[in-house]
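Values reported hereafter were calculated over all heavy atoms of this structure, with side chains retained and with hydrogens, waters and symmetry mates removed. Numbers here simply count residues along the sequence, with the first being 1.
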Amino acid sequence: MNTYRIPEMAKKYTEHDMIQKHTDLPLFPEFRTRLLYAFLNKHSTLAGYSELYTLVTSLVQLGLDTHDMVSVTNDAKEQKSARSRQLKVLAGDYFSSRFYYLLSHSGHIDLIGILSAAICEANRLKMNMYLKMKQLKLTADEYIGQLVEVKTQLFLSFANLLEERFYVVWPEVLRLFTRCEVLLQEIGRSESSQPYRDSWGFWHVLQQATREEKKLLQSEEPDPAKWRPLWLKYKVTPQLHQMLDACMKELQDKLQSLEPEKLGKELQSIGEPFRRYLSAPRATQEV
């Protein structure tokens, strides 16, 4: 089996001087990337392309995630902020262009069509989610579920390329890993000094808040100092810990039932960061 080195390979594109100097990038999709690489390496004929396929998929995902970081409005007057916004747009386009270039020059034209269709579906799901958020018609559970679907679309597109024994297993494992990833990120956001409007905590509190609390949450210029007590009152962080723990247990049960056994052990090692986090004292403390 080849050594997993996709993040190092991606640095050739992500550590561009202009990008590093003028803007920041989203987190590398490490869990999904490692999962895809592991499954492709078990394919009798595609194993030789596992690095290429996984690299281009990670670059496309980075492109989508980078574009998501671009502010909706362009009110930034400061030159540094304006340049950062422009570089995010260009960086997202750059990552996407590398995906086309790498696949076309290696002769894998079919995969360009497969991933392009997945990009369209991810954007469609994202727009539907944004519309529901704007209309305040999203529940906390729907927020997590739709976020998982958006984040998995590119990787789900490989389902029909994998061997038959993995047709059902791949989507299930991918969604569970991604749900754990999303919940871990939401915990980090819930613990930050400034609660986010586009977070699980917001939709969770909005569902349970009093009329006055809802007015506060829906105000045009929210006051983080007033939001924070609501996050504590409705136990946002502890509930996210419980959700992550439940998701991790479900994932472990699924991995233990996998055949071949060697793949299950490999995937368990990918999920080790989740286990370490949950076993840390801070993950079990009530706020």
Side-chain angles (χ1 to χ4, degrees), residues 6-7 10 14 23-36 57-71 88 92 95 122 125-126 129-130 132-133 138-156 173-207 224 227-228 230-232 234-252 267 270-285 287:
I6 304 302
T14 61
T23 193
D24 54 337
L25 293 176
L27 295 173
F28 188 80
E30 179 68 9
F31 292 107
R32 284 161 283 161
T33 299
R34 288 189 65 187
L35 279 176
L36 180 58
T57 306
S58 68
L59 290 176
V60 176
Q61 187 64 60
L62 275 175
L64 293 174
D65 293 343
T66 303
H67 280 159
D68 286 345
M69 294 175 69
V70 178
S71 59
K88 282 184 174 66
F95 297 145
L125 292 171
K126 201 179 303 178
M129 182 178 178
Y130 290 162
K132 284 189 174 182
M133 291 171 72
L138 200 66
T139 67
D141 287 342
E142 288 173 342
Y143 170 81
I144 294 293
Q146 293 192 25
L147 201 55
V148 168
E149 287 304 304
V150 168
K151 288 179 175 291
T152 54
Q153 284 308 303
L154 293 180
F155 300 84
L156 283 171
V173 171
L174 176 63
R175 286 190 173 100
L176 283 171
F177 262 99
T178 306
R179 182 176 174 85
C180 287
E181 177 188 354
V182 167
L183 289 171
L184 189 58
Q185 291 174 352
E186 289 296 321
I187 289 173
R189 301 173 87 188
S190 74
E191 294 173 337
S192 69
S193 58
Q194 180 175 343
Y196 294 87
R197 185 185 291 273
D198 54 337
S199 69
W200 181 85
F202 175 84
W203 300 103
H204 169 69
V205 173
L206 189 64
Q207 283 179 249
W227 277 27
R228 194 67 201 164
L230 295 179
W231 261 238
L232 298 176
Y234 292 102
K235 299 182 178 180
V236 171
T237 303
Q239 292 205 43
L240 283 168
H241 284 147
Q242 293 174 12
M243 292 165 64
L244 176 58
D245 184 59
C247 186
M248 190 60 202
K249 288 177 179 176
E250 185 178 354
L251 176 59
Q252 287 178 315
L267 299 187
I270 296 176
E272 185 59 31
F274 299 133
R275 283 189 289 272
R276 286 200 304 267
Y277 180 83
L278 287 169
S279 64
R282 61 189 174 90
T284 57
Q285 291 176 353
V287 177

Between atom [atom1] of [X] and atom [atom2] of [Y], what is the distance when rounded to the nearest 0.5 Å?
X	Y	atom1	atom2	value
Leu156	Arg175	CG	CZ	5.0 Å
Leu154	Leu36	CG	CG	10.0 Å
Thr14	Leu59	OG1	CG	8.0 Å
His204	Lys235	NE2	NZ	10.0 Å
Gln252	Leu267	CD	CG	12.5 Å
Glu30	Ile270	CD	CD1	8.5 Å

Please test Gln153 against Leu125 for side-chain contact (heavy atoms from CB on, under 4.5 Å), starting from the C-alpha separation and ending with a verdict. CA-CA 9 Å; Gln153 284 308 303; Leu125 292 171; 3.6 Å; yes

Mind running side-chain contact (heavy atoms from CB on, under 4.5 Å) on Thr57 and Thr33 for me, showing each step along the way? CA-CA 8 Å; Thr57 306; Thr33 299; over 6 Å; no

Contact check, side chains of [X] and [Y], non-hydrogen atoms, under 4.5 Å:
X	Y	result
Phe95	Leu25	yes
Trp227	Tyr196	no
Met243	Leu240	yes
Gln146	Lys132	yes
Gln61	Ser58	no
His241	Tyr277	yes
Ser199	Trp231	yes
Phe28	Leu62	yes

Salt bridge or not for Arg189 and Asp198, using N-O below 4.0 Å?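 Between Asp198 and Arg189 there is a salt bridge, with a charged N closer than 4.0 Å to a carboxylate O.
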
Tell me if a side-chain donor or acceptor on Gln207 pairs with a main-chain N or O of Ala140 at a distance below 3.5 Å.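 Between the backbone of Ala140 and the side chain of Gln207 there is a qualifying donor-acceptor contact (under 3.5 Å).
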
Under 3.5 Å, which donor-acceptor pairs link side chains of residues 176-184 to any protein atom two or more places apart or in another chain?
from: Thr178; atom 1: OG1; to: Leu174; atom 2: O; distance (Å): 2.7
from: Glu181; atom 1: OE1; to: Arg32; atom 2: NE; distance (Å): 3.2
from: Glu181; atom 1: OE2; to: Arg32; atom 2: NH2; distance (Å): 2.9

Are Phe274 and Phe31, when compared by the centres of their aromatic rings, separated by less than 6.0 Å?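 Centroid separation for Phe274 and Phe31: below 6.0 Å.
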
Step-by-step side-chain contact (heavy atoms from CB on, under 4.5 Å) determination, Glu186 to Leu244: CA-CA 10 Å; Glu186 289 296 321; Leu244 176 58; over 6 Å; no

Could you please spell out the steps behind the side-chain contact (heavy atoms from CB on, under 4.5 Å) verdict for Asp68 and Lys126? CA-CA 10 Å; Asp68 286 345; Lys126 201 179 303 178; 3.2 Å; yes

Minimum heavy-atom separation for [X] and [Y], please, with both atom names.
X	Y	answer
Met129	Tyr143	CE-CD1, 3.4 Å
Gly201	Val236	CA-CG1, 3.7 Å
Leu278	Met248	CD1-CB, 3.7 Å

Go through the side-chain N and O atoms of Gln239 and Tyr234 and say whether any donor and acceptor fall under 3.5 Å apart.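 Side-chain D/A pair, Gln239 to Tyr234: absent.
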
